[in-house]
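A short write-up of the structure that comes next.
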Amino acid sequence: MKVVAFDLWSDYGHFRRFFTTSSPLTYSFPPPTAVRGIVGAILGKGRDEYLLATSGLAIGVRVLTAVKRVRWGQNFIFTKGTSGQFDPTLLAQRKGNAQGMVRTQVKYEYLRAPRFRLYVGGNSALLEELEALLREHRTHYTVSMGLSELLADFSYVGTYGATALPPGTYELVSVFPVEILDPERGLENVLRSGVKLAKERAPVYLAPDRTPLLYQDVVLEMGGQPVRVTVSEKVYRLDNGDVVYLWPPVSTLIPASR
């Protein structure tokens, strides 16, 4: 399989956790669903088509810098008037909410100076188009780190051949789902000084109507270090020697009927 790798970074990032409401928290990494959106933006796929367009691609994510978070209160202005339509007024009597409030403050959590390496695998023509755009540092839509206000930059890293590896013990450089770990020996080699593992439950696949199809517990090393683990499912070795986990195309795990 062919794998295109590129780096993504920005001053701040936010990938909203699915269970947070009034005070949004962020994942420590872009979930595979977000990576498909980023790839779709580069390729020029719209909101209603990128999930289907990228459904045949394998996705991997590597954390390159230590995960840092910041929180601050953010002021929002109500933009709906008494009619329920857009009305960008600051006059309280024209607002639609019961209290006549004009503004509200929400505490947001952001990633500070995040940097990730994204892996996109497959054999489709989309990969050749993606590689060409990345090499020329061009996109069809602006790339962001989760929210449209958080503009991101990117750089092409390389295109590699990926060889599937059987179950065994490897030094993984990417994030991976808990369920690929060997039930008995999965983490016996990972614990050493300086290693800080975290587990976050994240969406992995979305239906074309953006309905979540699968959540998984995903493991990452918070400092971006490789971790030596024993896996019971296949992982991939790239031509440069890195061993990564790639989420397979949607059709591999999710029946077409869903």
Side-chain angles (χ1 to χ4, degrees), residues 6-42 45-48 50-51 61-118 139-155 175 196 198-204 206 209-212 215 217-218 220-224:
F6 65 101
D7 287 354
L8 184 77
W9 68 90
S10 67
D11 292 334
Y12 295 96
H14 181 90
F15 301 98
R16 184 172 179 156
R17 298 199 185 203
F18 67 91
F19 54 84
T20 55
T21 53
S22 58
S23 296
L25 303 176
T26 178
Y27 288 110
S28 301
F29 62 97
T33 51
V35 176
R36 293 186 189 281
I38 293 167
V39 172
I42 295 172
K45 306 298 180 185
R47 174 186 171 88
D48 296 329
Y50 79 87
L51 282 169
V61 179
R62 178 179 182 178
V63 178
L64 291 178
T65 59
V67 177
K68 294 178 287 185
R69 302 169 186 273
V70 293
R71 296 182 185 180
W72 63 68
Q74 196 160 322
N75 293 325
F76 290 90
I77 297 176
F78 286 101
T79 56
K80 286 187 178 179
T82 52
S83 65
Q85 303 297 316
F86 177 69
D87 185 1
T89 179
L90 294 180
L91 298 175
Q93 62 270 29
R94 283 170 51 182
K95 292 298 176 185
N97 65 317
Q99 293 78 31
M101 293 174 61
V102 177
R103 305 178 183 84
T104 188
Q105 189 174 77
V106 174
K107 182 163 283 188
Y108 255 79
E109 182 182 66
Y110 291 95
L111 299 174
R112 177 73 178 97
R115 189 179 186 109
F116 304 101
R117 181 158 297 168
L118 307 181
T139 67
H140 288 269
Y141 298 123
T142 304
V143 175
S144 68
M145 192 67 85
L147 299 178
S148 59
E149 299 86 352
L150 308 177
L151 300 182
D153 201 355
F154 62 94
S155 67
V175 305
K196 184 178 179 182
K199 182 177 73 173
E200 298 181 1
R201 191 161 185 78
V204 175
L206 297 178
D209 64 357
R210 306 174 70 80
T211 303
Y215 291 95
D217 291 328
V218 178
L220 69 151
E221 205 287 316
M222 297 296 279

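All of these numbers come straight from a predicted model, not from anything done at the bench.
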Inset, instruction - Just jot down the ring pair (Phe, Tyr, Trp, His ring centres under 6.0 Å) partners of Y141, sequence neighbours excluded, or say none. - result: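 With neighbours one apart ignored, the set is empty.
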Legend entry - Residues forming a ring pair (Phe, Tyr, Trp, His ring centres under 6.0 Å) with Y27, sequence neighbours excluded: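 If we apply the ring pair (Phe, Tyr, Trp, His ring centres under 6.0 Å) test to Y27, skipping adjacent residues, there are no hits.
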Look up atom [atom1] in [X] and atom [atom2] in [Y], then write down how far apart they are to the nearest 0.5 Å.
X: Y108; Y: T20; atom1: OH; atom2: OG1; answer: 8.5 Å
X: K196; Y: E221; atom1: NZ; atom2: CD; answer: 9.0 Å
X: I42; Y: L8; atom1: CD1; atom2: CG; answer: 7.5 Å
X: Q74; Y: Q105; atom1: CD; atom2: CD; answer: 9.0 Å
X: I38; Y: F154; atom1: CD1; atom2: CZ; answer: 11.0 Å
X: T65; Y: R112; atom1: OG1; atom2: CZ; answer: 10.5 Å

By side-chain hydrogen bond (donor to acceptor under 3.5 Å, both in side chains), which residues pair with [X], not counting sequence neighbours?
X: E149; value: none
X: D48; value: none
X: D11; value: none

Among all residues two or more places apart in sequence or in another chain, which pass the salt bridge (charged side-chain N to carboxylate O under 4.0 Å, His left out) test with [X]?
X: R62; value: D242
X: E200; value: R17, R69
X: R71; value: E109

Legend entry - Considering all heavy atoms, the nearest A202-V218 contact: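 Closest pair (atom of A202, atom of V218, distance): CB-CG2, 4.4 Å.
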Legend entry - Shortest non-hydrogen contact between P203 and P31, atoms and distance: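 What the structure gives for the nearest pair is O-CB, 3.6 Å.
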With sequence neighbours left out, what residues match [X] under side-chain contact (heavy atoms from CB on, under 4.5 Å)?
X: D217; value: V178, K199, R201
X: P30; value: F15, A34, V35, V61, F116, L118
X: S155; value: D7, W9
X: D209; value: A207, T211

Inset, instruction - Using the six-membered ring wherever Trp is involved, compare the ring planes of W72 and Y110 and label them parallel, tilted or perpendicular (cut-offs 30° and 60°). - result: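 W72 and Y110: parallel rings.
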Inset, instruction - May I ask you to test the Y12-M145 pair for a side-chain heavy-atom distance under 4.5 Å? - result: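 Contact flag for Y12/M145 side chains = no.
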